[in-house]
Amino acid sequence: MSTPSLKLTNTLTRQKEDFVPIDAANVRMYVCGPTVYDFAHIGNARPVIVFDVLFRLLRHVYGDDHVTYVRNITDVDDKINARALRDFPNLPLNDAIRRVTETTATQFATDVAALGCLPPSVEPRATEHIGGMITIIERLIAKGHAYDAGGEVLFRVASMADYGQLSGRNLEDNIAGARVAVDSQKENPADFVLWKASSDEEPGWDSPWGRGRPGWHIECSAMSEAFLGETFDIHGGGLDLIFPHHENEIAQSRCAHGTDVMAKYWMHNGYLQVEGRKMSKSEGNFVTIHDLLETEKFGGRTWPGEVLRLAMLMTHYREPIDFSVARLEEAEAKLVGWQRAAQIEEGTAPDASTLAELADDLNFSRASTVLDAMARKANRGEVSAAHCLAATLAFFGFSVDGLLKSSGDDESAIAAKVAARLIALSNKDFAKADALRAELADAGVALLDYKDPETGAKNTRWERKR
């Protein structure tokens, strides 16, 4: 089995580095998962897909049994509380919250499975780790990094000399940039909540500081420690999480454990906009994964999950994406071409050169160029290329024939392109005719021009190359 050398861009050092795991027999990765209060939007889909590809690559290099991937579920949050009160006003709050989180977590699992994503090794829920959160908070108080402020506990940012390394923000920047009123019990405007008091109308757990619930950041510190230890290899998420969430995770975990790092490598995917605009409900361009898979709200049709997957991967994970109907159409056409070229029942092993490109900071764009070359060879009848293409598509989480089966026979579409080419030839538009021939060739269709023996008119026969 080929084992490419991995290079990853580390947000912490702002450099692309060789990936060297702490323990090659136990490679550990944590990625921030969804807050389950509603359908996941397509921005949520991007990190799920990106880190699924990394998970697959790590398993290829180090072995399936030597990689642990943790992706959490946040099921305690004020948005969840509000949704529970709105949707189930006649239920006790805890029952209403459970109803919301169970429904939305199940929907999330269904949606991301349709995107071709493997389940993570572990998918912990925040509410299952309240005890671990309380333990970390107690350590922080004992070490002088946190303080009790009237039933709430706050992290003392000034107690950490190098706070802000991940985001590049220093303490003075945080104070100057504060946009909310400073709580009277805060020692410093930049201090953040570890534990907050709960009213009778809010969910809560008993703690040394009274009945309350955890702050957002402490949840991930507790869950990552529970399954990956005090220090692990990779922590991932969206660019929007760098500050304050990931910065504060680092502060909590390092100060509680006395470690120099929480994770060796921090990876962040870029932002997503829709049709050239920031996605928001007020803009009318807020799109969920469920919308794309099951409704006709985007482009007047539903979209297969693997098309959404490819549309996300065509842009390098660190770059911004403009998600559009045109992008989905481009992804669909490319995937159909690959699948048609890979019509082989069994693959062999994924292509080594493709994986080598991917291993360079998950550069799927360059990897897809290799897939295009393999497809061209397969369309010329090279069976070994078709076998390899089939295996490589499966490695990336794509089916070998899913779109072909779902769309049925596409002979009418091919015939339409053949007819358009004939029209272009009659108009002496040879550039367009050549482009259509090349497009059909890439799709595995061979053309044979001939003269009709009865009329003398030019015509074309076509056939699949294999």
Side-chain angles (χ1 to χ4, degrees), residues 1-13 15-32 46-71 112 115-123 224 227-229 231-237 261-269 306 309-310 312-314 316-318 338 342 346-371 373-374 384 387-398 400:
M1 180 180 289
S2 176
T3 54
S5 174
L6 271 63
K7 292 181 180 293
L8 302 173
T9 295
N10 189 349
T11 308
L12 190 63
T13 62
Q15 293 180 350
K16 185 160 66 174
E17 304 174 358
D18 291 325
F19 176 70
V20 180
I22 298 168
D23 178 3
N26 183 22
V27 181
R28 291 161 288 164
M29 177 170 70
Y30 185 93
V31 177
C32 290
R46 193 176 190 191
V48 174
I49 293 170
V50 165
F51 291 103
D52 176 71
V53 171
L54 180 56
F55 182 37
R56 290 167 183 268
L57 184 59
L58 291 170
R59 297 203 320 170
H60 175 79
V61 174
Y62 296 99
D64 292 358
D65 297 333
H66 301 295
V67 180
T68 303
Y69 171 24
V70 178
R71 186 182 66 218
V112 298
L115 299 177
C117 297
L118 299 171
S121 311
V122 188
E123 197 166 29
S224 63
F227 295 101
L228 303 177
T231 301
F232 51 94
D233 296 297
I234 300 169
H235 195 312
V261 294
M262 177 188 183
K264 284 183 66 177
Y265 305 88
W266 288 79
M267 297 177 64
H268 295 90
N269 61 269
E306 56 187 327
R309 182 180 182 86
L310 181 55
M312 289 288 186
L313 292 174
M314 289 192 309
H316 192 277
Y317 78 93
R318 290 188 295 109
W338 289 345
E346 295 182 3
T348 52
D351 176 64
S353 57
T354 308
L355 298 189
E357 297 289 5
L358 185 70
D360 185 7
D361 201 25
L362 299 188
N363 198 324
F364 184 85
S365 179
R366 290 211 308 262
S368 69
T369 301
V370 183
L371 288 171
M374 270 194 290
S384 61
H387 278 292
C388 195
L389 178 59
T392 308
L393 288 176
F395 170 84
F396 281 116
F398 299 113
V400 177

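Values below: all heavy atoms of this structure, side chains included; hydrogens, waters and symmetry mates excluded. Nothing here was measured: the structure is a model prediction, and the numbers come from that model. Numbering starts at 1 and runs along the sequence shown.
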**Q** Closer than 3.5 angstrom, by distance alone: can the side chain of Asn363 be matched with the main-chain N or O of Glu357 as a donor-acceptor pair?
**A**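 No; judged by distance alone, with no hydrogens or angles, the pair does not exist.
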**Q** Checking the side chain of Ser365 only, and the main-chain atoms of His316 only, is there a donor and an acceptor separated by less than 3.5 Å?
**A** no
**Q** Is there a side chain to side chain contact (heavy atoms under 4.5 Å, CB included) between Arg59 and Asp64? Walk through the geometry before answering.
**A** CA-CA 5 Å; Arg59 297 203 320 170; Asp64 292 358; 3.4 Å; yes
**Q** Using the side-chain contact (heavy atoms from CB on, under 4.5 Å) rule, pick out the option among Val31, Ile234, Val67 that qualifies with Leu54.
**A** Ile234
**Q** Could you tell me the separation between the OG1 atom of Thr68 and the CZ atom of Phe227, rounded to the nearest 0.5 Å?
**A** 10.5 Å
**Q** Checking Arg309 side chain against Leu115 main chain: does a donor-acceptor pair fall under 3.5 Å?
**A**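 Checking the backbone N and O of Leu115 against the side chain of Arg309, a donor-acceptor pair under 3.5 Å is found.
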**Q** Side-chain atoms of residues 18-26: list all donor-acceptor pairs with protein atoms under 3.5 Å, sequence neighbours left out, distances to 0.1 Å.
**A**
unit_1: Asp18; atom_1: OD1; unit_2: Lys7; atom_2: NZ; d: 2.5
unit_1: Asp23; atom_1: OD1; unit_2: Ala25; atom_2: N; d: 3.0

**Q** Show, in sequence, the C-alpha distance, side-chain angles and deciding distance for Ile49 and Phe364, and conclude whether the side chain to side chain contact (heavy atoms under 4.5 Å, CB included) test is met.
**A** CA-CA 12 Å; Ile49 293 170; Phe364 184 85; over 6 Å; no
**Q** Write down the atom of Ala342, the atom of Leu393, and the distance for their closest heavy-atom approach.
**A**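 Closest pair (atom of Ala342, atom of Leu393, distance): CB-CD1, 4.1 Å.
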**Q** Counting only N and O atoms by type, is there a donor-acceptor contact under 3.5 Å from the side chain of Asn10 to the main-chain atoms of Trp266?
**A**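 Confirmed, Asn10 side chain pairs with Trp266 backbone.
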**Q** Distance check, rounded to the nearest 0.5 Å: Phe395 atom CZ versus Cys388 atom SG?
**A** 12.0 Å
**Q** Quick one: list whatever passes ring pair (Phe, Tyr, Trp, His ring centres under 6.0 Å) with Tyr69, sequence neighbours left out.
**A**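 Phe55.
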**Q** Are any of the side-chain heavy atoms of Phe232 and Lys264 separated by less than 4.5 Å?
**A** no
**Q** Looking at every heavy atom in both Val370 and Ser353, which two are closest together, and how far apart are they?
**A**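 Result for this residue pair: CG1-OG, 3.5 Å.
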**Q** Output yes when a side-chain donor or acceptor of Asp233 lies under 3.5 Å from a complementary backbone atom of Met29, and no otherwise.
**A**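 Side chain of Asp233 to backbone of Met29: no pair is present.
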**Q** How long is the straight-line distance from CG of Leu389 back to OG of Ser384, given to the nearest 0.5 Å?
**A**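 If we round to the nearest 0.5 Å, Ser384:OG and Leu389:CG are 11.0 Å apart.
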**Q** Whether the side chain of Asp361 engages the backbone of Thr9 through a donor-acceptor N/O pair (distance < 3.5 Å, no angle test) should be reported.
**A**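 Checking the backbone N and O of Thr9 against the side chain of Asp361, a donor-acceptor pair under 3.5 Å is found.
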**Q** What is the distance from atom CG of Leu6 to atom CG of Leu355, rounded to the nearest 0.5 Å?
**A** 10.0 Å
**Q** Calculate, to the nearest 0.5 Å, the distance between atoms CZ and CZ belonging to Arg56 and Phe396 respectively.
**A** 9.5 Å
**Q** What distance do Leu313 atom CG and Ser368 atom OG have between them, rounded to the nearest 0.5 Å?
**A** 9.5 Å
**Q** Do you know which two heavy atoms are closest between Pro4 and Ala359, and how far apart they sit?
**A**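 So the two residues come closest at CB-CB, 3.8 Å.
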**Q** Main chain of Thr354, side chain of Asp351: is a donor-acceptor contact present, judged purely on distance under 3.5 Å?
**A** yes
**Q** Quick check against the 3.5 Å criterion: does Arg28 have a side-chain atom that pairs as donor or acceptor with the backbone of Leu228?
**A**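 Checked: pair present.
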**Q** Show your working on side chain to side chain contact (heavy atoms under 4.5 Å, CB included) between Val112 and Arg71 and close with a plain yes or no.
**A** CA-CA 12 Å; Val112 298; Arg71 186 182 66 218; 4.2 Å; yes
**Q** Look at the side chain of Arg46 and the backbone N and O of Tyr317, then say whether any donor-acceptor pair between them is shorter than 3.5 Å.
**A**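 Checked: pair present.
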**Q** With sequence neighbours left out, what residues match His268 under side chain to side chain donor-acceptor pair (under 3.5 Å)?
**A** Thr11, His246
